Amino acid sequence: DTGVSQNPRHKITKRGQNVTFRCDPISEHNRLYWYRQTLGQGPEFLTYFQNEAQLEKSRLLSDRFSAERPKGSFSTLEIQRTEQGDSAMYLCASSSLTGGTSGKAGELFFGEGSRLTVL
Amino acid sequence: QQQVKQSPQSLIVQKGGISIINCAYENTAFDYFPWYQQFPGKGPALLIAIRPDVSEKKEGRFTISFNKSAKQFSLHIMDSQPGDSATYFCAASRRAGGTSYGKLTFGQGTILTVHP
């Protein structure tokens with residue numbers, strides 16, 4: 001397993017369009033997180049899953065945002081009716097509750113992110 | 001209560017020098033304090049982390065110092081190298097096992113430049 005994979009790496013879209021990002025976590029990790037990072041800032045928590053259950057959502061996650069993890073493996077983050085303020089790097093991270101060969105319990109491993117530009 | 005404040009915003013150090021980045025937190029429920037390193041175009045990568053039951057943790061050239069009473073912690077990079085040039089983020093979270101673990105609150109970041 002080579003780590004957390006995110007696609008697409010870059011997306012340019014026009015305001016009002018819908019976009020979807022995909023995250024494939026490290027295979028043995030049961031927790032998956034989405035963060036948003038704007039230029040010059042630290043990542044901000046959006047939501048996280050334990051297996052297929054979405055356990056927490058930030059107030060940053062407006063109604064236009066929806067995240068799923070249908071089979072407890074990969075996850076998608078969809079943004080509907082994009083706005084220019086949605087332009088950011090969307091980061092996915094995963095962790096294991098119990099620890100193992102891929103890190104200690106709770107240790108977050110981030111993907112390289114999906115950069116969204118809304119024109 | 002959820003903020004983590006990081007300073008300085010940027011830091012320039014000569015090769016071989018010591019880089020020091022500081023963070024302060026407000027929420028006393030935080031009990032896991034990692035530092036992440038991020039290169040341009042990449043996601044953050046865990047560098048080192050500490051829990052409040054110890055005051056210092058060292059891994060190679062990287063040391064975290066933790067002051068629970070002051071609610072402050074810092075990253076020291078000894079013998080700084082040009083390859084250390086990156087953005088560094090401190091973060092904080094609550095205990096493993098609780099549903100909030102892994103929900104990291106990040107500082108604003110410090111851009112470190114190490115001159116050769």
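Each chain gets a letter, A, B and so on, in the order the sequences are listed, and its residues count up from 1. It should be emphasised that the depicted structure is a prediction, and the values quoted were computed from it without experimental measurement. Keep in mind that the numbers below use all heavy atoms, side chains included, and drop hydrogens, waters and symmetry copies.
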### Message
Quick check: closest heavy atoms across Ala67(A) and Thr47(A), and the distance to 0.1 Å?
### Response
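Shortest heavy-atom separation between Ala67(A) and Thr47(A) comes out as CB-CG2, 4.0 Å.
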### Query
For Glu68(A), does the CD atom have more than 12 heavy-atom neighbours from other residues, nucleotides or ligands under 6.0 Å away?
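No, CD of Glu68(A) has 12 or fewer neighbouring heavy atoms, counting only those of other groups under 6.0 Å.
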### Message
Using ring centroids (six-membered ring only for Trp), state whether Phe33(B) and Phe73(B) fall under 6.0 Å.
### Response
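That pair passes the under 6.0 Å test.
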### Interchain contact, Arg115(A) with chain B, by part (heavy-atom threshold 4.5 Å)
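No part of it gets close to chain B.
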### Query
For Glu44(A), is it the side chain, the backbone, both or neither that has a heavy atom under 4.5 Å from a heavy atom of chain B?
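The answer is neither part of Glu44(A).
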### Query
For the residue pair Tyr90(A) and Phe21(A), does the interplanar ring angle fall in the parallel (under 30°), tilted (30 to 60°) or perpendicular (over 60°) class?
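Rings of Tyr90(A) and Phe21(A): parallel, under 30°.
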#### Entry: Top contributor to chain B interface from Arg9(A), Gln37(A), Met89(A), Gln6(A) [non-hydrogen pairs under 4.5 Å]
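Option with the top pair count is Gln37(A).
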### Message
Just so I understand: if I count every heavy-atom pair under 4.5 Å between each of Pro43(A), Gly111(A), Ser58(A), Ala93(A) and chain B, which residue has the most?
### Response
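Among Pro43(A), Gly111(A), Ser58(A), Ala93(A), the one with the most close pairs to chain B is Pro43(A).
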#### Entry: Sidechain-backbone polar pair: Asn51(A) side chain, Ala53(A) backbone, donor-acceptor under 3.5 Å
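No; judged by distance alone, with no hydrogens or angles, the pair does not exist.
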### Message
Heavy-atom cut-off 4.5 Å, strictly under: side chain, backbone, both or neither for Gln38(B) against chain A?
### Response
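Contact with chain A is through the side chain of Gln38(B) alone.
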